[in-house]
Amino acid sequence: MSDKILVSGATGFIASHTIERLLAAGHDVVGTVRDPKNTSKTAHLQAMSGADQHLTLVAADLTDTDPFSAHTDVDVILHMASPYAMNVNDAQRDLVDPAVQGTVSMLTAAAKSPRVRRVILTSSMAAITDEPDGRVLTEEDWNDKSTPARNPYYYSKAMAERAAWDFMEAEKPHFDLVVINPFLVIGPAHTAAINTSNQTFVDIIGGAYPAVMALNWGFVDVRDVADAHVAALSADVPAGRYIAASANMDMTEVVALLRASGYGHTKLPKFKLTGAIGTALMKLASFGQPKGIGSYLRTHLGRIPRFDNTKIKREMGITFRSPQESIQDTLADLTKWGHIPAPKA
């Protein structure tokens, strides 16, 4: 049974993969973009199979007073639009306000439409933690440490998701809410634009990291995250939060995989600063980095993010690709788009 689905931020990295799957399943999709006439941003969506009959692009801006009410005659809403940047000039203006206001605007618009039965919000593990402390994180955990000065992107995601749950409790709308909390989302892209997570590999290969540091990432493939959004359409999936993450890899393992994959001729870091002294030195050096990068390093160096993804596998039937497979596919895609040099045997 097909639904009519509203997808905000339709040109985004995760949203594009999700729309591709929605169209393949026969759903009608209304995608919000800043400018539907800007074909340089929307051509990949229009080229998808089924787009000519089942995809409509409309204009919407998160900062407008009421950007979504005109488009909510739909069955399900996927609110995926949210700014993602590690460094901004004004965290409140550039990250927090559009994330929170956009979320509340979407929920308010949904509440006016008797047709909407579910809203699916793309949140982040950033709403669950901003400083892993060794505990196994579950959907019960919340990031209560971030501020506009400390990990501002994390703060924006936590505040936006809290605003969503506060809305549900206060307004008690006729629809329910599913929230998907992905970890570091990597994988092939539909366009040449590089999402912030894939940029990590471009930076490592390009020499942006002076040494191998004690960083550990939780990875998830963008295609698996898209599958989770589609699975969440089902009324059989209970409302609530869902951690979307596959497994961890540390920087030592990532660099070794890049070298084994033929990128040893690039500027991969060779010097290791993964011990206690090296980590202390890197934290000290982080004060010379842009504010967003600096706060991220100080809260993540030497820490391992642990998580429990049992719920999403049980309730949605998601089987995650391994980080190794996702990284290999990401490297091939980055090479295809010319963002990194071709590997050498």
Quiz item: Taking C-beta and beyond as the side chain, do I243 and F183 meet within less than 4.5 Å on heavy atoms?
Solution: no
Exercise. Please check if atom CZ in R298 has more than 12 non-hydrogen atoms from other residues, nucleotides or ligands closer than 6.0 Å.
Key: yes
Quiz item: Just by modelled atom types, is the A59 backbone N or O under 3.5 Å from a matching donor or acceptor in the T32 side chain?
Solution: no
Quiz item: With a 4.5 Å limit on heavy-atom distance, are the side chains of P341 and T266 in contact?
Solution: yes
Quiz item: Are L62 and M106 close enough, and set up right, to give a side chain to side chain contact (heavy atoms under 4.5 Å, CB included), and what steps lead you there?
Solution: CA-CA 9 Å; L62 289 178; M106 181 62 87; over 6 Å; no
Practice problem: Anything under 30° is parallel, anything over 60° is perpendicular, the rest tilted; go ahead and classify H265 against Y263. | Solution: parallel
Quiz item: Would the number of heavy atoms belonging to other residues, nucleotides or ligands and lying under 6.0 Å from NZ of K336 be above 12?
Solution: yes
Quiz prompt | Contact list for residues 95-105, test side-chain hydrogen bond (donor to acceptor under 3.5 Å, both in side chains), sequence neighbours left out | solution = Q92-D97
Exercise. Name all pairs fulfilling the side-chain hydrogen bond (donor to acceptor under 3.5 Å, both in side chains) condition that reach into residues 233-242, sequence neighbours left out, sorted by first residue then second.
Key: E161-R241
Practice problem: Indicate, with yes or no, if I327 and V225 share a hydrophobic cluster defined by side-chain heavy-atom contacts under 4.5 Å among Ile, Leu, Val, Met, Phe, Trp and Tyr. | Solution: no
Cut-off 3.5 Å, no hydrogens considered: what does the side-chain donor-acceptor table look like for residues 275-285, sequence neighbours left out?
| from | atom 1 | to | atom 2 | distance (Å) |
| --- | --- | --- | --- | --- |
| T279 | OG1 | G275 | O | 2.9 |

Quiz item: Does T122 offer a backbone N or O that forms a donor-acceptor pair with the side chain of K157 under 3.5 Å?
Solution: yes
Quiz item: Are D133 and K145 close enough for a salt bridge, meaning some N to O gap below 4.0 Å?
Solution: no
Quiz prompt | Pair S16-H44, side-chain hydrogen bond (donor to acceptor under 3.5 Å, both in side chains): steps then yes or no | solution = CA-CA 8 Å; S16 294; H44 69 287; 2.9 Å; yes
Quiz item: Between D329 and R321, is there a side-chain N and carboxylate O pair less than 4.0 Å apart?
Solution: no
Quiz item: Tell me, do L334 and V202 make a side-chain contact under 4.5 Å, heavy atoms counted?
Solution: yes
Quiz item: Does NZ in K311 sit with more than 12 non-hydrogen atoms of other residues, nucleotides or ligands closer than 6.0 Å?
Solution: yes
Quiz prompt | D75 with R117: basic N within carboxylate O range, under 4.0 Å | solution = no
Self-check item: Whether N143 side chain and I128 backbone form a donor-acceptor pair below 3.5 Å
Solution: no
Quiz item: Between R150 and E131, is the closest basic N to carboxylate O distance under 4.0 Å?
Solution: yes
Practice problem: Determine the interplanar angle of the F175 and F167 rings, folded into 0 to 90°, and report it as parallel if under 30°, tilted if 30 to 60°, perpendicular if over 60°. | Solution: parallel
